[in-house]
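Just below is one structure, and these are the notes that go with it.
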Protein chains: 2
Amino acid sequence: MTLQRTTKQLQAVQAAFETAGRPLSIEELHALAAEQVTSLGVRTVYRAVRRLQELGDVVAVSVPGGSDRYELATVASHHHHHFHCTACDRFFDIHGCPGGLHKLVPEGFQLEHHELTLSGLCDSCA
Amino acid sequence: MTLQRTTKQLQAVQAAFETAGRPLSIEELHALAAEQVTSLGVRTVYRAVRRLQELGDVVAVSVPGGSDRYELATVASHHHHHFHCTACDRFFDIHGCPGGLHKLVPEGFQLEHHELTLSGLCDSCA
DNA sequence: TAACTAATGACAACGAAATGTCATTTTGTA
DNA sequence: TACAAAATGACATTTCGTTGTCATTAGTTA
C-alpha cells in the first residue's frame, strides 16, 4: 500500500473533485467519475477517496442528517461554510463567515470550531 | 394507538427532557430514564420519543456526523443553536444567532434555514 | 376486582453506509 | 515483452441506528 499507481479510476475521481468545485458525496463522485470510466465500482470510489485523504488532498465534511461529503483540501484550508439545497440535496461552498461567535459561547466553555450550514434552494432549483 | 396511557416509562423519558435541559440522544434518554425505571428497554425509548414527537412536545435535531438528538418543542420554538462538546459528545443549547447570513448567500440561491454548531469543550470537560 | 387492551421489552430484522475478501485486471518495471 | 504486485470490481459482510414482531406486563374503565 506504500506505492501508488496512477489509474484511470483515481484520475477520474480527482477530476470529479476539480470540475465539480463543491463538496461531493461518494454517490456523486461515483456518478461523475463513471462518466469517464465506465463500469466504475463504488468500492473503488471509496478507496480512491481514502487514498486522497491520506495524501492530504481531500478532507471529509460531516453534514447534518446525511452521509459525509468530501472536498479538496485546498478549498477546505480556506475557512468557509456550506449551502445545502433541500431540493437536489447538493452542497455548495459559501465564502465568508458571520463572525462574533465567541459572544455566544456560555461561560466556561472553550470554543474550538464551528460549522454553519445554510439551507434552501440553489440557483438551479429556485 | 388513539388512546394513550400514562406509564412510568413515558414519564421517565419526559422527566429526562425536563431535567437535562439540552438536546438528548436516544442513548442518553435511555440512560437517564433508566435511573427512574430499571429495566427500561431501548425500544420503549424510541416509542416514547416518537409519541412525544407526534404530540408536538419534542422535535428531532439533526447533527453533523451523529445520530439524531431530540429536544423539547418549547425550547426549539425559540431560534437557537447548539454547542457540541467533542470530549463527552453532549450537545448544549446556545442562545443567540450571529445574523446577517443573507449576505453570504450566492446570487440566485434562496435561503430558508440555517444551522450553526459550535464545538469544543464544555465546562465540565474543559 | 375483573376484564380489556395499550404498552412494554426481548429478540429478530431491516436499510444504509462502509469495509472485508479475493479472483481478475492493469500498471510500472526489469 | 513479460513479470510481480498494486488496483479493480463483484460480492459478502459488518456496523449502526432504527423498526417489526409478539408474548407478557400493566394501565384504565366498568
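Here the structure is a predicted model, which means the values were calculated and not measured. So that the names make sense, note that chain A is the first sequence line, chain B the second, and so on, each numbered from 1.
- Residues satisfying the side chain to side chain contact (heavy atoms under 4.5 Å, CB included) test with Arg50(B), not counting sequence neighbours, are Glu54(B).
- Using a 4.0 Å cut-off, no side-chain N or O of Tyr46(B) falls inside it from OP1 or OP2 of dT19(D).
- The CG-P distance, from Leu29(B) to dG17(D), rounds to 14 Å in whole Å.
- In this structure, the nucleotide among dC11(C), dG28(C), dA7(D) sitting nearest to the side chain of Gln4(A) is dA7(D).
- Between the CD atom of Gln11(A) and the C1' atom of dG28(C) there is a distance of 14 Å, given to the nearest Å.
- Of the candidates dA6(C), dT8(C), dG9(D), the closest approach to any side-chain atom of Arg5(B) belongs to dA6(C).
- Rounded to whole angstrom, the span from the CZ atom of Arg43(A) across to the P atom of dA16(C) amounts to 19 Å.
- Closest contact between the side chain of Arg47(A) and the listed nucleotides dT19(D), dA10(C), dG9(D) involves dG9(D).
- Ring centroid separation for the pair His79(B) and His95(B) does not come in under the 6.0 Å cut-off.
- Residue Arg51(B) places at least one side-chain N or O under 4.0 Å from the OP1 or OP2 atom of dA7(C).
- Regarding Glu54(A), its CD atom lies at a distance of 11 Å from the P atom of dA7(D), rounded to whole Å.
- Listed pair Lys8(A) / dT27(C) meets the phosphate criterion, a side-chain N or O lying under 4.0 Å from OP1 or OP2.
- Rounded to whole angstrom, the span from the CD atom of Glu28(A) across to the C1' atom of dA17(C) amounts to 15 Å.
- In this structure, Arg50(B) reaches the dT19(D) phosphate: one of its side-chain N or O atoms is under 4.0 Å from OP1 or OP2.
- In this structure, the CD atom of Gln53(B) is 14 Å from the C1' atom of dT19(D), given to the nearest Å.
- Phe91(B) does not carry Arg69(B) over the face of its six-membered ring by the limits of under 6.0 Å from the centre and within 45° of the normal.
- For Leu10(B) and dT8(C), the CG to P distance is 7 Å, given to the nearest whole Å.
- Residue-to-nucleotide proximity on DNA chain D shows that, of Gln9(B) and Ile26(B), the 5′-proximal contact is made by Ile26(B).
- Comparing atom distances between the Asp68(A) side chain and each of dG20(D), dA18(C), dG9(D) picks out dA18(C) as nearest.
- Annotation: Phe92(B) is in aromatic contact with Phe109(A) [ring centroid separation under 6.0 Å].
- Rounding to whole angstrom units, CG of residue Leu52(B) and C1' of dA7(C) are separated by 14 Å.
- Using a 4.0 Å heavy-atom cutoff across all strands shown, Thr7(A) reaches sugar-phosphate atoms only and no base atom.
- Checked by atom type, the side-chain pair His81(B)/Asp93(B) shows no donor-acceptor distance below 3.5 Å.
- Phosphate proximity of dG28(C) to Thr6(A): present, with a side-chain N or O under 4.0 Å from OP1 or OP2.
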